[in-house]
Protein chains: 2
Amino acid sequence: MATDRTRAAILNAAEQLYAERGFSEVTLRDIVAAAGVNLAAVNYHFGSKDELIAELFVTRSIATNRERLNELKAVEEAGGGRAPIEAVIRALVGPTLRGCLGPDRQRATAARFMIRASIEAVPPIRKIRNREISHLRRFAAAMQRSLPDVPEVDIYWGLHFALALAHQTIRDSERLTKLSNGLCDLDDVDGIIARVVTAASLALTTKRAGAAAAKAQRA
Amino acid sequence: MATDRTRAAILNAAEQLYAERGFSEVTLRDIVAAAGVNLAAVNYHFGSKDELIAELFVTRSIATNRERLNELKAVEEAGGGRAPIEAVIRALVGPTLRGCLGPDRQRATAARFMIRASIEAVPPIRKIRNREISHLRRFAAAMQRSLPDVPEVDIYWGLHFALALAHQTIRDSERLTKLSNGLCDLDDVDGIIARVVTAASLALTTKRAGAAAAKAQRA
DNA sequence: TTGCAATTCAAACAGTTGTATGAAACTATT
DNA sequence: AATAGTTTCATACAACTGTTTGAATTGCAA
């Protein structure tokens, strides 16, 4: 059907443009020009610009979450219901990092679109994003299973830190390259994932010493 | 002079609105309404909307950098030219974290404006932001002095991670609160700084073990 | 007070945005 | 081949954007 071709062309063009420039910098006319369709097509097929963004976000959100949960399930089953904390964190940050920094262009567009969505918080997305909380809770639970002795509050901080490292690395990769004069290799995806996972795990497992140091610092 | 009062009112209103809603969501009419001045005042006093943003950014950028460097200088002098890595990192992330999460409302506005600026990368700011690279290099150098045995590339990653943790904690504080059901106390600024500093320092000082683990993970 | 510059103001400008319309083109069933 | 339903298209629309204009007002020096 010609209908689906137009829809798909719009979705592709919109996702790519949004991923590249951000939501506020892309107009409907940019999208339809890139997609090679008529201006009215967006409203005809999606109702409005916001609904287009929402559909894009929901689709990608589901895909990312499934990818993460599959990886989590795999490592937990391999460990008899309890995976090493490094594996849990890798399941959390791996898909996004691989997506954004890896060689697969289509995957990169999708992943970068999600990064934009988490940054710009445009109205149509803000309403839906609460769903992600419950998704993250499943990872918090898995992390707690990995580290039964770590207090719950530290689990949340660890989860937050892991996402922070992954996220910001994608967003600021350009600055890191400049700052380090190219010393930090942003193409070594596995190396980056390893760095993020290690740093986040360390913050969690060295927590007792860390908490003590924290108290000392406060004094 | 009445002139300066109008200028100041515009700057205040603009900074606050930008900090709250982001650049793309605030119009000149919003700003002049909040400032209680005429629409044409912005163009009269600043030339254009972009120049207003640029002036705001430059002013705040200078203030933040000075605050950081003062703290760095203090701890390095106290240690005879070489400060503990925790102190260096605290000088880097402390001012912004204290500014954004602390009780001082005016400071919070300023700090949050800078966060927005680092996120949205609107054209007038993008041109100026390169200056920050050289500022960060001074911290990289200080960190290298603190940890002479750590390879340069790891220093950059550590610096990047420290900023990532601080930054994202400010940006995503709402989600962290929701996710943890309020367990993570975002009002405990010193505690948060301690967590960020500890996590970033750990990633740097445990690097040799970390690098080994990273290689193992890749296999 | 008078005169001049600086500042404020209401109004309008040109450009862009998302959306709506109605005619045209197409598709598929009869 | 004729018709009904779907999809495309050029075009127009109203709302909003940053900016400009020229007259009114203000503040201050002579």
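Everything quoted here is computed from the prediction, not taken from an experiment. Chain identifiers are assigned alphabetically (A, B, ...) following the order of the sequence lines, protein sequences preceding nucleic acid strands; residue numbering begins at 1 within each chain.
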d(CG, B:Leu52; C1', D:dT19) in whole Å: 14 Å

Inter- and intrachain pairs under salt bridge (Lys or Arg N to Asp or Glu O under 4.0 Å), touching residues 21-44 of chain A, at least two apart: A:Arg21-A:Asp30

Electrostatic pair A:Arg7-A:Asp4, nearest N-O below 4.0 angstrom: no

Nucleotide-resolved protein contact map, nucleotides 12-25 of chain C, B/S/- at heavy-atom distance under 4.0 Å: B----BBBBB----

Whole angstrom value for the distance that separates P of D:dT8 from OH of A:Tyr44: 7 Å

Nearest-Å distance for atom pair CZ/P, residues B:Arg5 and C:dA6: 19 Å

Whole angstrom value for the distance that separates P of C:dT7 from NE2 of B:His45: 6 Å

By side-chain contact (heavy atoms from CB on, under 4.5 Å) - contacts of B:Arg98 (at least two apart): B:Glu71, B:Pro95, B:Val189, B:Ile193

Distance below 4.0 Å between B:Thr6 side-chain N/O and C:dT7 OP1 or OP2: no

Contacts of B:Phe46 that satisfy ring-ring contact (aromatic ring centres under 6.0 Å, His included) - sequence neighbours left out: none

Separation of atom CD1 in A:Ile10 from atom P in D:dT7, rounded to whole Å: 12 Å

Partners meeting ring-ring contact (aromatic ring centres under 6.0 Å, His included) with B:His160 (sequence neighbours left out): B:Trp157

Please report, to 0.1 Å, the donor-acceptor pairs under 3.5 Å made by any side chain of residues 34-42 of chain A, with sequence neighbours excluded.
residue	atom	partner	partner atom	Å
A:Asn38	OD1	A:Ala40	N	2.8

